[in-house]
Structure formats: structure tokens, C-alpha cells
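Below is one structure, written out as C-alpha cells; comments come after it.
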2 protein chains.
Amino acid sequence: MFTYEYARPALTTDCVVFGLDDEALKVLLIQRDIPPFEGEWALPGGFVHVGESLEAAARRELKEETALEGFFLEQLHSYGDPDRDPREHVVTVSYFGLVNLIDHPPRAATDARNAGWFGLDDLPSLAFDHQQIVDTALERLRGKLRYQPVGFELLPRLFTLTELQQLYEQVLERTLDKRNFRKKVLSLGILRETDEVQQDVAHRAARLYEFDEAAYEERRQNGFHFEL
Amino acid sequence: MFTYEYARPALTTDCVVFGLDDEALKVLLIQRDIPPFEGEWALPGGFVHVGESLEAAARRELKEETALEGFFLEQLHSYGDPDRDPREHVVTVSYFGLVNLIDHPPRAATDARNAGWFGLDDLPSLAFDHQQIVDTALERLRGKLRYQPVGFELLPRLFTLTELQQLYEQVLERTLDKRNFRKKVLSLGILRETDEVQQDVAHRAARLYEFDEAAYEERRQNGFHFEL
DNA sequence: TCAAAAGTGTTCATCTTACACCCATGG
DNA sequence: CCATGGGTGTAAGATGAACACTTTTGA
């Protein structure tokens, strides 16, 4: 039991983790096993421990609930409406993560909660204000994708230009011209062309590329501004 | 006294309020009258009350400490490093505000703390991690200014195109071409030209313009994207 | 009449967009 | 040999950058 002179809101983190598979952009959800909203789907998250940084709390909860670790995670927004949790005033710091579902396939969560990936057009109704948080995360993803090289986080290390283009098309919800897209993305000089090509495809195999972090960093230092 | 089953970090808000006067972009600071960091300068802010939204807490503290109210305020970032406050684990949600110093001149704060506007190149050393928060806010301001019509918040209702240009030059720290700037900003169609001109200037008086919020909103609905 | 800032267009380079066909591969 | 996606260039339009002089006003 812990006692304070003044009342304190509770503090949690919640994560919106996006993943990409062959079909669509998906969000990671867990099924709640305790009230409130027992049995409903919600964002993975939980209480921040004293002595723990916000990001550490977010990563810990994700690992506990969904067995995911080691990927891009960045703070999104904090929500503190006193009524957002029916129990009491709970402030949540939301995080926004990106994984590629090839390297991080869905696994049973360690603490036995049901977890799953849901297509964005196919989300169940969410507990708390989590739908709003997902909406904000999606807006943020769209914004970041245009101006920062985060899309690569959703792809395997080696990818084809068509895969990259499809990622942009799916997230931004519009079609892009193949020739213009390739011209633009290659002109940025932050992709390394590898010697490898796609395997096991029933047509001409596409060349595989890799994001060149070092080249990106160097260009960024020199005032280069990523934009797609 | 309030007792909880698990320990809770304390929760505060801190505000980085930018103001523009004739000379430079300034930040609003208060001098702390209690430990820790007693006597040092810090961002205005304080504890979030239970039952109070985050933004309400930020506005309340600002009003109490600096007598400022009724201006643009938006959430910035949350900081939760366990060591950022020497007393205990304190998580802060930072906000970022814009005021024009003509309509909101510096006044004595109601609760008798010393408050003041400091030029960005002239900041005293700040308590806690507040320098980092200011740096983040400045980055955000620079980013927002280019892509959202927030600059007007720093100017009086009626302003000249030169004032607007100087604002951009000061915040972005680079000079802009007068003709190109005017061409671009007018082509956006979100400024209303008024019949009025500058008063009491010792040279040809410039025409006064006004931000046309309605026109901006309408254009935004139709997929228009502000950019300067 | 002088000082100070307001106001105004054109040109050139760059970037963006639209668009269609042949090629390589595996089945 | 056919189906599938991979890969490639050009031309026209739009946008951004560079640049200097005349006008208005008050002191």
C-alpha cells in the first residue's frame, strides 16, 4: 500500500503496433481477461511502474502480453480525460510501433491472453478510447511515412521496390505510378541494391534492396530532407 | 491522504509558451519559489489533479502562474525518465503554446512568482529537464510552421505581410525572398486583405491582412495542404 | 528632399506527372 | 507458349528560386 498527500491519477501505457503482411496493414490487439471491458479487444498496455521509464513500460507490457520485442516504437500522444476509464482517472501515454510480420510472426502471448492482428478495415469494437488512439496512430503513420524513412520498419530487411510501393499505397490509400515511384525512391540514395533477387516466384524475380541507414544518416546531417 | 495498492508516479504538466515581440521569439519562464531548484528558472507547470484533463491542468497552471489564458495550446510530448525529478518519479506531459505579446503583454503572475519572457538565445539554465523540453518544442514549432497555419497565433489579428515574413524568418532562422514569400502566401488564399493600413510608421504604411480561418478550413476539407 | 520600407514580374531551372511497352521467368 | 509481374524513358506542365527598381509616406 502506498500513501500520498494528494490524490494521483493512475498512469498506463498503450501501444498501437502496426504490422504488414501480404494483404494489408494490421493492428495488434489483445483480448482483455479482466474487467472493465472483460472479453473485449483492446490495445496492449498496462500500468507504468515507479522507477520505470515510459518507453520501458510500453515495451515490457508488449513483451508480456504479445511476446513481441525489439522493434521500432515511438511515443504518440497522452490521453487524460478523467472519464476515459470507468474505474477512475487513468492517464495513458500511447506509443506507436512498427513491425514486419515476416520476421515477427504472431505467437501466443506468454501470459495466455488472446492476442491477434486485425486488418484496419476489420477492427472489432475496442475498449476504452482505444479506437481514438488507433485513429491518431494511423494519422501519425501516414504523416511520418511521407517525411521519414519509417516504412522500412514494416518490411523485411530485404525487399523489392514493388513491396515498398505497395506499402506506401496501402498506408496512404492511393495508387502510385510505378516509374515515378522508383525514380524518386532511388534518387534519394538511401537504398542499397543487393545481388539477391526474390525466390520462389512464378515470374521474373525482382531485385532485392536494403535500407541504407548509414547513407540516410549522412545525408540527413547535410540538410537532406526525406520525402516521398 | 490517498492510498493505493501499487505505487504511482506523480503526474505534472509543463508548458513551453512561445511569444513574439518586435525583436525575437521568446519563451515564458517562471522562477521557482520552492525546492527543488528553488530560485532557478523553469517552465510553468504543476501537478495534474484527479478528475482534471491534461489540457485543463496545463491551462490552469499557466493561468495561476503567469496570468495568461485563452490562446493556442497543444500537447507536445511526455517525459517519464525516473530520474528527471530528484524527489521521486514524476512524469510530465508537456504542452506547447503560442501567444502574441501585443495582445497578451507580460503581467505580474497572480501567485506572486516571478515570471518573464526570455529570448531563445538568452535562456537562463533551466530546472529539471526543461531545456530538453524547450528544444523539442522549438523543433515542433519549426515543423508545424511549415505545414500548418499556426504562425498567425504569434501575431496580432491584423498584421502586415512583412511581419508575417519576419516571423517565419525568425523561427526558421533563415532569410526569405520578399517577392516569393508574398506570392506564395497570397496564393494560398487564406489571408483576407483588409482596408486598413499600419498606423504611426515613419514610412509608407503597409496594408494589414487577417488570417481567414473559414477559407482555410474549407480548403483543408477539399484536400488542400498548407505549406510555406 | 531624404530615408525607409512597401510593393511588384519575369526568367530559368527543377521537380512532378502522365503515360506504354518489352523482358525475364516459371509453370 | 503463356501468364505474371519486372523493369525502363520522355515530354509537358507546375512549381520554386533568383533577382532590382519604383512608389508611397512621414520626418
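The chains referred to below are lettered A, B, ... by the order of the sequence lines, with proteins before strands, and numbering in each begins at 1. Just so it is clear, the model here is predicted, and its values are computed rather than measured.
For B:Asp177, whose side chain is taken as the heavy atoms from C-beta onward, the closest listed nucleotide among D:dG7, D:dC19, C:dT25 is D:dC19. Set against C:dA4, D:dA20, D:dG7, the side chain of A:Ala206 has D:dG7 as its closest nucleotide. Nearest nucleotide to the side chain of B:Arg204, out of C:dT25, C:dA5, C:dG9: C:dA5. Checked against D:dG5, C:dT8, D:dG9, the side chain of A:Arg179 finds its nearest nucleotide in D:dG9.
We find that CZ of B:Phe159 is positioned 14 Å from P of C:dA6, with the value rounded to whole Å. At whole-Å resolution of the value, CD in A:Glu193 and P in D:dG7 are 9 Å apart. Between the CG atom of A:Leu208 and the P atom of D:dG6 there is a distance of 11 Å, given to the nearest Å. One atom, CZ of B:Arg207, and another, C1' of D:dT25, lie 14 Å apart when rounded to the nearest Å. Summarising the geometry, the separation between NE2 on A:His225 and P on C:dC15 is reported as 15 Å, rounded to the nearest angstrom. Distance NZ (B:Lys178) to C1' (D:dC21): 11 Å, rounded to an integer number of Å. For the pair A:Glu196 CD and D:dG6 C1', the interatomic distance rounds to 18 Å; values are reported in whole Å. Going from atom CD of B:Gln165 over to atom C1' of C:dG7 covers 12 Å, rounded to whole Å.
Comparing B:Ala202 and A:Asn180, the nucleotide of DNA chain D nearest to each residue sits closer to the 5' end for A:Asn180. Along DNA chain C, the nucleotide nearest to A:Glu227 and the one nearest to B:Tyr209 differ in position, and the one closer to the 5' end is contacted by B:Tyr209. Nearest-nucleotide mapping onto DNA chain C: of B:Leu161 and A:Lys183, the residue sitting toward the 5' end is B:Leu161.
Under 4.0 Å is where a charged nitrogen must lie from a carboxylate oxygen, and between B:Arg192 and B:Glu210 at least one such pair does. B:Arg32 has no carboxylate O lying under 4.0 Å from a charged side-chain N of B:Glu40, or vice versa, which leaves the two without a salt bridge.
The phosphate of C:dA6 (OP1 or OP2) has a side-chain N or O of B:Thr162 nearer than 4.0 angstrom. For the OP1/OP2 pair of D:dG7 and a distance below 4.0 Å, the side-chain nitrogens and oxygens of A:Arg182 include at least one atom meeting the criterion.
Residue side chain B:Lys184 does not reach the base of D:dG16 through any donor-acceptor N/O pair under 3.5 Å, judged by distance alone.
Under 3.5 Å, the side chains of B:Ser53 and A:Asp81 contain no donor-acceptor pair of N or O atoms.
Aromatic ring centres of B:Tyr147 and A:Tyr147 lie closer together than 6.0 Å.
At least one side-chain heavy atom of A:Leu188 sits under 4.5 Å from a side-chain heavy atom of A:Phe226.
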